[in-house]
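Right, one structure below, let's go through it.
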Amino acid sequence: MAIHLTKESKVLVQGMTGVVGMQHTRRMLSAGTNVVGGVNPRKAGRTVAFDERSVPVFGSVRDAMTATGADVTVAFVPPAFTQAAVNEAADARIGLAVVITEGVPVHDSVAFLSYARERGTRVIGPNCPGLITPGQSNAGIIPADITKPGRIGLVSKSGTLTYQLMYELRDIGFSTCVGIGGDPVVGTTHIDCLGAFQDDPDTELIVLIGEIGGDAEERAAAYIKTSVTKPVVAYIAGFTAPEGKTMGHAGAIVSGSAGTAQAKKAALEAVGVRVGSTPTETARLVLEAL
């Protein structure tokens, strides 16, 4: 009852010994995540105490994988070091790399996403909240206590809207919630998650959250038309955004009619997706569809 992350996942944290890494490692552990190690070449051999759990620190992703069998890494590293961190994870052939870091130069993202793809490592992000399979595992910064396991799969560009829909639909619950990030270039797309949720037998309905800018939602609509049979409900952030202005995420820029919320809504509705005008209305549409 999950995609990409389950209770069996063994999670590393690159940057675990930093202030932010420590904070969110503690939160992931409290959510039941099996965090098996941190990575910091300057602190290899040490252990870090988190309440009742001590987590070892390794000098590299490869060393950590050899010692623990880890298959997921979460990167809490500064933008300037993100490319090196992802490349290291990809060189070790880890299955999934979750990149939380905001402000990564697009040139770096293009380079490390291509590098990871060639080596079989799926990247979620950058500039994302990560993903959570409620009741099983949490890789990133998504609050773990605002929903429960359930029947809905959620894929979203926006972290904040991910949390809001999780809370609004908490009585039904979620199979997995994936925050893919709002940068112009990301590793895992709406389409990737739509396909995975379509194949997940315990996901009954999919919620897609998009926003103005780019054409990711239009491409998702084309994919839904040919490849998704489960009901999909969507919300597009930015109906009131002024033309020609960058709003919020780096990818959220509108030029003419391309990339507007209205154009995305029309594309999705044309393939049978119900689109809410507010997050609360979107939650109501989900309840009606179920």
Side-chain angles (χ1 to χ4, degrees), residues 3-5 14 72-90 94-132 139-142 153-163 165 176-197 206-224 232 234-238 246-254 258-259 261 264 267-268:
I3 67 168
H4 305 320
L5 187 74
Q14 291 173 270
V72 177
T73 183
V74 184
F76 291 100
V77 297
F81 304 109
T82 300
Q83 182 174 356
V86 178
N87 286 354
E88 179 186 336
I94 202 161
L96 177 66
V98 182
V99 185
I100 306 300
T101 310
E102 183 178 3
V104 179
V106 175
H107 179 274
D108 289 1
S109 295
V110 171
F112 70 66
L113 291 172
S114 175
Y115 193 83
R117 192 176 301 114
E118 291 171 357
R119 284 152 183 78
T121 295
R122 172 179 294 281
V123 176
I124 294 177
N127 186 20
C128 77
L131 71 163
I132 181 172
I141 64 174
I142 296 175
L154 186 149
V155 53
S156 173
K157 278 186 176 180
S158 166
T160 304
L161 290 172
T162 298
Y163 314 152
L165 265 296
T176 301
C177 304
V178 186
I180 60 174
D183 278 3
V185 180
V186 294
T188 295
T189 66
H190 285 120
I191 290 174
D192 295 327
C193 292
L194 287 167
F197 283 130
I206 304 165
V207 174
L208 183 152
I209 301 176
E211 64 185 12
I212 58 171
D215 65 348
E217 295 79 5
E218 289 88 344
R219 285 185 281 116
Y223 180 82
I224 289 167
V232 180
Y235 173 68
I236 307 298
T246 299
M247 305 292 291
H249 287 150
I253 187 166
V254 174
K264 294 174 185 296
L268 288 162

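By convention here, the first residue in the shown sequence is residue 1.
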Practice task
Check side-chain hydrogen bond (donor to acceptor under 3.5 Å, both in side chains) between T189 and all other residues, then give those that pass, not counting sequence neighbours.
Solution key: D192
Fill in the blank from the handout: Sorted by chain and residue number, the side-chain hydrogen bond (donor to acceptor under 3.5 Å, both in side chains) partners of R219 (sequence neighbours excluded) come out as D215
Practice task
Among residues two or more places apart or on two chains, list those pairs meeting side chain to side chain donor-acceptor pair (under 3.5 Å) that have a residue in residues 98-110.
Solution key: none
Search all heavy atoms of [X] against all heavy atoms of [Y] and return the closest pair with its distance.
X    : Y    : answer
V86  : A116 : CG1-CB, 4.4 Å
T176 : F197 : O-CZ, 3.3 Å
T162 : I209 : N-CD1, 4.2 Å
G103 : P79  : O-CB, 3.5 Å
A139 : V98  : O-CG1, 3.8 Å
P129 : Y163 : CB-OH, 3.4 Å

Fill in the blank from the handout: F76 meets the ring pair (Phe, Tyr, Trp, His ring centres under 6.0 Å) criterion, sequence neighbours left out, with H24
What pairs of donor and acceptor atoms, side-chain ones from residues 118-126 against any protein atom, are under 3.5 angstrom apart with sequence neighbours left out?
from, atom 1, to, atom 2, distance (Å)
R119, NE, D91, OD1, 3.4
R119, NE, Y115, OH, 3.4
R119, NH1, Y115, O, 3.1
T121, OG1, I94, O, 2.6
R122, NH1, T188, OG1, 3.1

Handout entry: For A234, side chain to side chain contact (heavy atoms under 4.5 Å, CB included) partners two or more places apart
Key = L208, L268, V273, V275
Practice task
Can you sort out the partners of T160 under side chain to side chain contact (heavy atoms under 4.5 Å, CB included), two or more places apart, ordered by chain and number?
Solution key: S158
Completion exercise
Between P184 and the options V106, N127, V110, the side chain to side chain contact (heavy atoms under 4.5 Å, CB included) test singles out V106
Can you measure from [atom1] ([X]) to [atom2] ([Y]) and round to the nearest 0.5 angstrom?
X    : Y    : atom1 : atom2 : value
L194 : I206 : CG    : CD1   : 5.5 Å
E217 : I212 : CD    : CD1   : 10.0 Å
C128 : I100 : SG    : CD1   : 4.5 Å
L5   : I132 : CG    : CD1   : 8.5 Å
H190 : S156 : NE2   : OG    : 6.5 Å
L161 : Y235 : CG    : OH    : 6.0 Å

Exercise for the section: Mind running side-chain contact (heavy atoms from CB on, under 4.5 Å) on I180 and K157 for me, showing each step along the way? Expected result: CA-CA 5 Å; I180 60 174; K157 278 186 176 180; 4.3 Å; yes
